Amino acid sequence: MARALPIMFQGTHSDAGKSVIATAFCRIFAQDGWKTAPFKSQNMSLNSYVTPDGKEIGRAQGIQAEAAGVAARAEMNPILIKPSRTHESQIVVLGKPYGTMQAFAYRNEFFDQGLAVIRQSLETLMNEYDRIVIEGAGSPAEVNLNDRELVNMRIARLANAPVVLIGDIERGGVFASLVGTLSLLEPEDRKRVIGVIINKFRGDVSLLKPGLDWFEQHTGVPVLGVVPYLPDLTIDAEDSLSLERFASSVGGEEAIDIAVIRCPKIANFTDIDPLLAEPDCRVRLVTHADDLGNPDVIVLPGSKNTIEDLIYMKKRGLASRIVSLVNEGKARVVGLCGGYQMLGAVIRDPYGVETPLLEVKGLGLLPVETTLERTKMTVRSNGVLAWNGERFRVSGYEIHMGRSAPLSGYAPLIEAEDRYEGAKQGDEQVLGTYMHDLFHNDAFRTAFLNAIRREKGIPLRGAVSFLTRKEAAFDRLATHVREHVDVGRIEQMMRQFQQP
């Protein structure tokens, strides 16, 4: 394919660190002057990203594009799978919903069409960029799936890309994982593996050297780097497997206590990342009413199945406890996307978009009612948010299948160019909006938290640019990987791999 020089990162299992290493190489290649594009043929994630032209892709590829300094586009993740119900997912193709399919049907009926879309997307990127950083999924050694897989070695063959295999030493058994994965590959695929990276190492690397020497002698595959665990990396996570490590417990009794409701279908949880970066905020993931306590702020994040997650909250006592805390004036509540829908009076599902249930009562904390529709809205959005006597310019993105209509007593939260968006209670203790990245808006986030700081008698803080923090995190990650991975050798091997 065309002119770009590709490299592919695969892992011994999910959450081995493929996305982070791929992000690092997007930044490294960009720093070295190469126009670079990320690529993941098929991504299964509820954490998504809206491109500038309103297409939906996996969050990881959107962030990798940011690291590379290029605009994200649908070809960078041509197939996105978003689990919605048991054994059922929404399939997003080139940024637009294609349909809902069960796993068996997807594997047996969509394969040829999916491969054609992937091939065309890859050809487009290979023609327009200098470097393509390709990310696999799960493991290339899933022998039960390899005959019709669309994301690992088949893509490496399609792109004629060399492969670097990543193992996660934090989980233990890294040498067994690496050796086992290599031994299960087909001979021609194994020849594509130019080396391995051991990720998330903690401790003295000299103690690991006998194992590294043994591995190279046993497999004939070089170890290209041992990457130490990098704490406090403020880069968006790909999926909920990574969610626990993003929860923080900082500050003392005076800290701002933020409870984030974690439901089974939580989506786009990166909305809370700026709160995690605030040094005096304690962010907790809560799944049961007994653990909620008396937080200063309750965040209801997005959901891929709002009705099921609302029922989950009711069964666990969370819904009634949240309503009680609001009525007692003890907590602020912010609902984002699906969380916003839950805060309204009712959610209707006349077309069976999420469940067979036609109607479910919401928490009744905001004067809106929601109807789920067949058409998904994906758009970059901006406007002016009115809160606490101030007006804030805010921007973000929307991804939702529903429309929320105002009821008596409605007060809009955000005034956009052509519409009102979101809602708030009269006393502004409860806010709801479809706008993801609300807390990424530095001025609003700072004012919102400072209001709580005043109430608690703790020092106020000035606004800190979350975008600046993210850019610094990309540079920090690239520097870290350069220090511990033989990047020059990888580039040399990438060129050699393309020689006849």
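The analysis underlying the following values was restricted to heavy atoms, covering all of them including side chains, and did not include hydrogens, waters or symmetry mates. None of these values were measured; they are calculated from a predicted model.
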Which is it for T433 and L385 under the side-chain contact (heavy atoms from CB on, under 4.5 Å) test, yes or no, and what are the steps along the way?
CA-CA 10 Å; T433 177; L385 184 152; over 6 Å; no
So which heavy atom on [X] is nearest to which on [Y], and how close?
X    : Y    : value
P222 : I194 : CG-O, 3.1 Å
F201 : I169 : CA-CG2, 3.5 Å
T181 : P140 : CG2-CG, 3.8 Å
G17  : I166 : O-CD1, 4.2 Å

Distance check, rounded to the nearest 0.5 Å: [X] atom [atom1] versus [Y] atom [atom2]?
X    : Y    : atom1 : atom2 : value
L336 : N268 : CG    : CG    : 10.0 Å
E128 : M126 : CD    : CE    : 12.5 Å
N441 : N382 : CG    : CG    : 10.0 Å
F25  : L477 : CZ    : CG    : 10.0 Å
E278 : D273 : CD    : CG    : 12.0 Å
N146 : D189 : CG    : CG    : 8.0 Å

For the residue pair [Y] / [X], report whether a side-chain donor-acceptor contact shorter than 3.5 Å exists.
X    : Y    : answer
Q341 : T306 : yes
R192 : Q10  : no
D53  : T51  : yes

Working note: S404 + T370, criterion side-chain hydrogen bond (donor to acceptor under 3.5 Å, both in side chains); need CA distance, chi angles, decisive distance, verdict.
CA-CA 4 Å; S404 296; T370 298; 2.7 Å; yes
Carboxylate-amine/guanidinium proximity below 4.0 Å for [X] and [Y]:
X    : Y    : answer
E354 : K265 : no
D437 : R59  : yes
D15  : R171 : yes
K304 : D309 : no

Residues that T479 engages under side-chain contact (heavy atoms from CB on, under 4.5 Å), provided they are two or more places apart:
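Expected list: E483.
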List the residues meeting side-chain contact (heavy atoms from CB on, under 4.5 Å) with A416, not counting sequence neighbours, and say none if there are none.
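side-chain contact (heavy atoms from CB on, under 4.5 Å) list for A416, sorted by chain: D418, R419.
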Any donor-acceptor pair under 3.5 Å from [X] side chain to [Y] backbone:
X    : Y    : answer
T378 : G54  : yes
S89  : I81  : no
D130 : K35  : yes
D271 : L438 : no
S303 : N305 : yes

Going through the distances and angles, do I79 and F110 end up as a side-chain contact (heavy atoms from CB on, under 4.5 Å)?
CA-CA 11 Å; I79 301 174; F110 187 74; 3.7 Å; yes
Salt bridge (Lys or Arg N to Asp or Glu O under 4.0 Å) partner of D475, the single match among R469, R482, R27:
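So, applying the salt bridge (Lys or Arg N to Asp or Glu O under 4.0 Å) to D475 and each of R469, R482, R27, only R27 qualifies.
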Could you walk me through whether V227 and H480 pass side-chain contact (heavy atoms from CB on, under 4.5 Å), step by step?
CA-CA 8 Å; V227 180; H480 185 69; 3.7 Å; yes
Apply the test side-chain contact (heavy atoms from CB on, under 4.5 Å) to residues S139 and T12: give CA-CA distance (whole Å), side-chain angles for both, the deciding distance (0.1 Å), then the verdict.
CA-CA 5 Å; S139 163; T12 57; 5.7 Å; no
Geometric cation-pi criterion K200 and Y229, 6.0 Å radius, 45° cone
no
According to the salt bridge (Lys or Arg N to Asp or Glu O under 4.0 Å) rule, which pairs have a member within residues 139-155, sequence neighbours left out?
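Every salt bridge (Lys or Arg N to Asp or Glu O under 4.0 Å) pair that includes a residue of residues 139-155, provided the two are not neighbours, is R107-D147.
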Name the orientation class of the two ring planes belonging to F444 and F439 (parallel below 30°, tilted from 30 to 60°, perpendicular beyond 60°).
parallel
Criterion side-chain hydrogen bond (donor to acceptor under 3.5 Å, both in side chains) on K40 and Q64, from CA distance to verdict
CA-CA 10 Å; K40 187 167 185 175; Q64 288 161 4; over 6 Å; no
